Structures are given as C-alpha cells and as structure tokens.
Amino acid sequence: MEFRLFKFPLWLLAGGGLILTGCTLAHKLFEPNITSEAITEIRYLDQGWTDEDRQLFYNTPQGTELQGLHYTWLQALELPFSREKLASPENMRGWGFIIDPTYSPKSTAGAVYPVGMGSHLNPEDGSQRLDLGCALCHTGELHYRGTALRIDGGQAIHGMSTSDFGEFIHSLGATTAEMQVNLLKWNRFVNEVAGDDPEARTRLKRDFSAFRNRFFEFAKGPGRDKNFPVAEGRGRTDAVGRIGNVVFGYNLGIEENYKKANAPVSYPFLWDIWRFDWVQYTGFTNQAMARNVGEALGVMAPVKLIDENGELLPEGEFGQSTIDVEGMQCIETTLRKLRPPKWPEDVLGEVDITRARQGKDLFADQCAHCHGPHIAEPYQWTLAAGPGDNPANQRDVNWQWDMSGQIDHDADNRPVRQDWRESIWAVPWIDISVIGTDPTAATNFIEHRFDPGPLVARNPAGPEDAETRRVNAGDGLQLLINRLVPVLYKNRDISSDGNAIADYDGLNVPFRIANKAAYKARPLHGVWATPPFLHNGSVPTIYDLLSPREARPVRFGVGHREYNPHKLGYITDMRPGSFAFDTRETGNSNSGHLFTDSDQPGRIGRRLKEPERLALIEYLKVMGNPDYAERLGGDPQNWAQYPEPPASAIGEQACAPYRHTRVPQLASQQIPEEAAP
C-alpha cells in the first residue's frame, strides 16, 4: 500500500485572505467525508490470540512513514478551515479507521491514534515518526445492531489511499497547506507541540516545512492524479501498482517508470497465510520477508538507493532505511497464531445446521477443487550455491542469501533449504482466462515494464536495446530485494548464526518470484467475515457471488460497516461518507467466478438454485470451526486438524522490545460513554 498524494486546488494558497477569515464556504468545501456509526460494544472474536498478541499486532512498527510526519503532530493538527481536531475519534472512525478504547492512544486534546498507527524513531534525527503498521489495513470490523465484531487479520474499509475531497489524506494535505498562510492556525499547532521552548519552536518550523515539501513533491510524482484513473475508494488500493511507481519511479528517480495504477484490490485477510506456498493475489512470491519489505517500500518507508547521478550508493550507504525487520518478524510470528474468526450466534443469529450439512456437500462438490486446502509435504527449495547458479530459473538470484539459511542436501547432494513447516497448503493459480474475473491486476503485473536503472548493469561494450533491460514488477522487485534485504539484515546484526536468517526469511524459505497471469484460489476458512468479495471487492456479499452475474449489483455503496448476516456482506445502500463502487469501470468488473449453466469464460460450476445458495451460506458461517464439526456430521475443513506453526524463539525474541503491559483480555468490551460515537 502507498498513498495517493494529492488532488489539491492551487488556488488555496493564493486565497490567503479567505483562509484568514475562516470563510464558511471554504469550511463547508473541506468538510471531512465521514460515515456515521452507532456502536455500544466491541466484541473480540475467538481467534486464538491473547491480549498481548493483539497489542503486538496493533502497535508494532514496520518502519514506514507518511513523508516524515511526526507522531505527536497528528494529535495537534486541525481540520482545514476549522479548529476541530483532524484526528478526533469521530473523524478517524468516520474515515473507516478502527478506534479501540483499549489499544488506541488518546491525547489530552481529544485526538486518537487508530489501530495500526504507531511510531518509531527515525535514525537520522531521533524524532518519533508516525508509523503505518500492518494492522492499519489488515484489521476489520463488522457492525450489527450496535455491536462491533472485531476481525483481527481481516480487511480494513478505510480510505487511506484515496485523496478525494474530504478523505483523510486530502484533509491532511489541505490543513498542511493552510498552515503556511494562516498564522493563527500555525501558532495553535506550535503551542501544542513545542510550547514556549524557543529552540523547539524553531526546530518544529524547520521540520514541518521539510514535511510539507516532501508531501507536495511526492504529489507531483507517484501521487499525481493521472497515475490513478480508477478511484480506489474505501477498503482498496492498487498495491502492486503503487509499489512499482514508488520503487522504480520515485526511489530510483526514473520518471518514465510511472505507470497507471488502475487495478485496485481489497486488503486481503491474513489468517493461515503462513501455511501458503505462494502469497499475494497473483501468487507471485513465496517468502514472508520479501513480501513485507516490498509492502513497506510501497507505504513509503524511507530508503537510500541511489546517489545524485542515479547510480547505486556504495556499500555502507546503500539500503540505509527505517524498515524494521525485527518488527516485521514479530508481526509475522504473531500472525502464525491467528485463527479464523468464529461465527457469533448470539450476535448474528443461530446457524441452520440442516442447511449447513447440505452446504458442506455442495462445497465439496463445487468449491473444494479450487479452494482446497490442498495439503502437501513441505518443499525442498533448490538453491544457488555459488556465482552463476540459478536452479530455479529466476530473473535474479543472490546466492549468498540463498546459502544463508539452514542448508540440507537432497538425494543428488544438491544444497536445498528444507521448509520448516510440518505441512503446507499448495495454493493453485487459476488462469485469468479460466476464472474470468477482472484481469487488470494480473495483466498489469505481467505487462507493465520498468527500466531497472542501476539495478541492472549496462553493457560496457556499447549500446544495447533498452527493451531487453526492462522488467515487470515481480522481476524488478527481485532485483532490488535480493540486494536490499541482506543489507537490512546486516545493518540489524541478523546473521545466519543460530539459523536467524532462516527464521527471518519465513521458516527457511528462499526468495522466489513467479510470473503468471492468474489469481490464486485461497482456502476460505472464516471468509464470511471478509466482505466485499473477489480480489477487487466488486461483489458485496457471498450471496451475490453465488448468484448469476446479471443478479450481482452493478453499483453499490462501500464505506460503512453494517453487516448483513443473511447474505454475508456489508449492507450496500449509499449513505453519507460512502464510496460509490461502479463495476463498469476499468479494474472494477464483477465478472467471472460464475455459477452458471451457460458455457462462457469464468464458469466454475453449474447454476445454483436458491436453496443451494442458502445452504452454502450456512456452511460458510461455520466451515472448519471445530465447535460445529460434530453437529455437521464431521467436517473435512475442520481447522483443528491442521498442524500448529513451528515454535520460533527467534520470532519471540524479536517481539521483546515491543511488548507492553496491558489490561487482561476481555470477551467483549463496553465502550465508555465519552468514546462512543
């Protein structure tokens, strides 16, 4: 994820006189675009986590920054043309962030930090910077009759990536610009952050000016409007497109590498991903650390790659970054304990077991051949043992990194890394021509080509064809990450001693890339809690997904979290703050994954009768949940049968600096009156 910066009217700075008057028209124009929620209780579902596990996931930093925004600044900022706090509970909740009275720090001024917004120390100046953590986009909530059901590892529904008027990033940019000309607003900010200390006030002026410059400089490159012809709205981002633009355009300083990010995808849910052999929507990588470092780069973690001439920095300077691999390892270790959420009958209604039994048979007949899980023996990953070796036929390989894990040998005495998992889930790739869902994300991944700049040495003998140098996003990331991750390990004193690198690599898995125009078919435990559906979020409920395409909504609202327990998805009416999802736009198609009797692309099964759809829905509510296995007459998806993750003393050690003492875990939590919306 990376953020679009910034659709912003230039006349704002020219209208200083209007700004200083606090004109009503401007205040109305820049009102926050927020949803309204009425929640009286938070219910934490049974997902196998302790209170400490949840705290670690919500607050552990990964080293990302929002153009250098300091942590304390957020709580002091005001909305544009207003004295109201930008980060008030009402605004942050209304923008779709999750505010938790237990886990969300609250300032004395009334501002809050939502789940996933933490902090880290920037090594260059020792300042505390706002950190956008994993939980920001991978924690969900379902609201039903005043109860908020927390879905840890679920799908966020905020609009962090979009710069539409009234959204979080737009409001942040507008108030940042206003403070340059509105001295009253600036002085209130300085007084709260720096007080009467003259040195602190001078430093704040310098640092905030640098932040403002970076913010709007970024808006002219990766964040410019023409890069985003398709609105992402709430709960989506074009993750791979944004990473490509940041890494190959912004970080490498190559203007021509900016591509259109027109394939937004939903934030994926995270339970059980440690079991997968390949991850991401197109299944293009196999390793947790490579995936997480790539994500951190897209979320604008500062990193030093090139000098003023566009050449790679020398050893010792290349790879200096805020990326926190210990924090990532802690998050990854914690996520391995996370189980799918259990359907709460006392809130969402009792399960019709008779129908669920029918649905179990339908799932086995119509769904399991793709969604599995397809349990396999753990792999022996072949390795490059020296310069020139490339047994997996990769675009690039770092043999020293390959050989830094725990090394075994196969029957032919070739070096391998034996995957540490007791078993794995072999996730199948389904070609876009077969699944028939919107192909834009998959084809962009394959077809968008980037100049790798100094990541690929130029031919010293003379000119070369520029096209032969170009790489797609996966191969380009491989060129960078093969150089960057070993440097990050070295800078953090993580070595092969005691199998530390093997553990950090994600259970002894070497980094590989797969380039396929396909989407992976992941297992569906807990899928009832993850609306909307398909990779691009184009189908709002499971009922709609099981229905013929002509019955799927063409245009619907996204942004509020009110749940429909009968259709398994969000209620889709347009409300204040909602984003209008239009399936007719590029990247937004709701085609494919069809149950139909018509012979057409995207047909995966026969047309389902209404009772069959309802039976599948009942089963998906409890599929795999061991509490229901006996009543279902046995359940082949019972998640109690799957092996626990390997113990990781190294991962637990990585968590040590981030542990905090917290209140005991509660099954549910009443929201204090002052914190309720």
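What you are looking at is a predicted structure, and each value in this text was computed from that prediction instead of being measured.
- Lys337 has no carboxylate O lying under 4.0 Å from a charged side-chain N of Glu52, or vice versa, which leaves the two without a salt bridge.
- With salt bridges taken as basic N to acidic carboxylate O contacts below 4.0 Å, one links Lys304 and Glu124.
- A donor atom on one side chain and an acceptor atom on the other are not found under 3.5 Å apart for Arg129 and Ser119.
- Taking the six-membered ring for Trp and the full ring otherwise, His158 and Tyr267 have centroids separated by under 6.0 Å.
- The closest side-chain heavy-atom distance from Leu136 to Phe97 is below 4.5 Å.
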**OP:** Apply side chain to side chain donor-acceptor pair (under 3.5 Å) to Tyr44 and Asp100, showing your working.
**Re:** CA-CA 11 Å; Tyr44 302 106; Asp100 191 305; 2.6 Å; yes
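- Under the 4.5 Å side-chain criterion, counting only non-hydrogen atoms from C-beta, Ile98 is in contact with Arg150.
- Between Phe208 and Val190, every side-chain heavy-atom pair lies at or beyond the 4.5 Å cut-off.
- Checked against the 6.0 Å centroid criterion, the rings of Tyr71 and Trp73 do not qualify as a close aromatic pair.
- Separating the CD atom in Glu232 from the OG atom in Ser163 is a distance of 9.0 Å, to the nearest 0.5 Å.
- Between Asn213 and Glu217, the side chains place no donor N or O within less than 3.5 Å of an acceptor N or O (distance only, hydrogens not considered).
- Salt bridge Glu167/Arg234: present, at least one basic N to carboxylate O contact under 4.0 Å.
- Exactly one residue among Thr64, Asp131, Asp324 makes a side-chain contact (heavy atoms from CB on, under 4.5 Å) with His120. That residue is Asp131.
- No donor-acceptor pair closer than 3.5 Å links the side chain of Thr572 to the backbone N or O of Gly557.
- Judged by distance alone, the side chain of Trp343 and the main-chain N or O of Gly349 form a donor-acceptor pair under 3.5 Å.
- Taking 4.0 Å as the cut-off between side-chain N and carboxylate O, Glu199 and Arg203 count as a salt-bridged pair.
- Residues Arg492 and Glu326 form a side-chain contact, since some pair of their non-hydrogen atoms from C-beta on lies under 4.5 Å apart.
- For the atom pair CG (Asn245) and CG (Asp238), the distance works out to 8.5 Å, reported to the nearest 0.5 Å.
- Between the CG atom in Leu132 and the CD atom in Glu295 there is a gap of 9.5 Å [rounded to 0.5 Å].
- Phe581 and Phe556 have parallel rings, their planes meeting at less than 30° on a 0 to 90° scale where 60° marks the start of perpendicular.
- Between the CG atom in Asp53 and the CD atom in Gln47 there is a gap of 11.5 Å [rounded to 0.5 Å].
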**OP:** Go through Asn292 and Glu332 one step at a time and tell me if the side chain to side chain donor-acceptor pair (under 3.5 Å) criterion holds.
**Re:** CA-CA 9 Å; Asn292 292 334; Glu332 199 67 30; 3.1 Å; yes
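- A donor-acceptor distance shorter than 3.5 angstrom exists from the side chain of Thr139 to the backbone of Ala135, with no hydrogens or angles considered.
- Ile99 contributes atom CD1, which lies 8.5 Å from atom CE of Met117 (distance to the nearest 0.5 angstrom).
- Looking at heavy atoms from C-beta onward, Phe248 lies out of side-chain contact with Lys259 at the 4.5 angstrom threshold.
- Counting heavy atoms from C-beta outward, Arg561 and Ile39 have side chains that stay 4.5 Å or more apart.
- Residue Leu45 comes nearest to Arg54 through the heavy atom pair O-NH2, 4.3 Å, listed as atom of the first residue, atom of the second, then distance.
- The aromatic rings of Phe211 and Phe215 sit perpendicular to each other, their planes meeting at more than 60°, with 30° as the lower class boundary.
- Using modelled atom types and a 3.5 Å distance limit, the side chains of Arg201 and Asn191 yield a donor-acceptor pair.
- To the nearest 0.5 angstrom, Met289 atom CE is 6.5 Å from Met328 atom CE.
- Minimum interatomic distance between Gly569 and Pro531 (heavy atoms only, all atoms of both residues): CA-CB, 3.7 Å.
- Glu90 has no carboxylate O lying under 4.0 Å from a charged side-chain N of Lys85, or vice versa, which leaves the two without a salt bridge.
- Ring geometry for His170 against Phe30 counts as parallel: the plane angle stays under 30°, on a 0 to 90° scale with 60° as the upper cut.
- No side-chain donor-acceptor contact under 3.5 Å links Ser266 to the backbone of Pro268.
- With contacts defined as side-chain heavy-atom distances shorter than 4.5 Å, the pair Leu270/Phe57 qualifies.
- Side-chain contact check for Val246 versus Asn251: some heavy-atom pair is nearer than 4.5 Å.
- Distance alone, capped at 3.5 Å, places no donor-acceptor pair between the Trp186 side chain and the Lys205 backbone.
- Listed for the Arg212 side chain is a donor-acceptor partner under 3.5 Å among the backbone atoms of Thr176.
- Below 30°, between 30° and 60°, or above 60°: for Phe218 and Tyr250 the angle between ring planes is above 60°, a perpendicular geometry.
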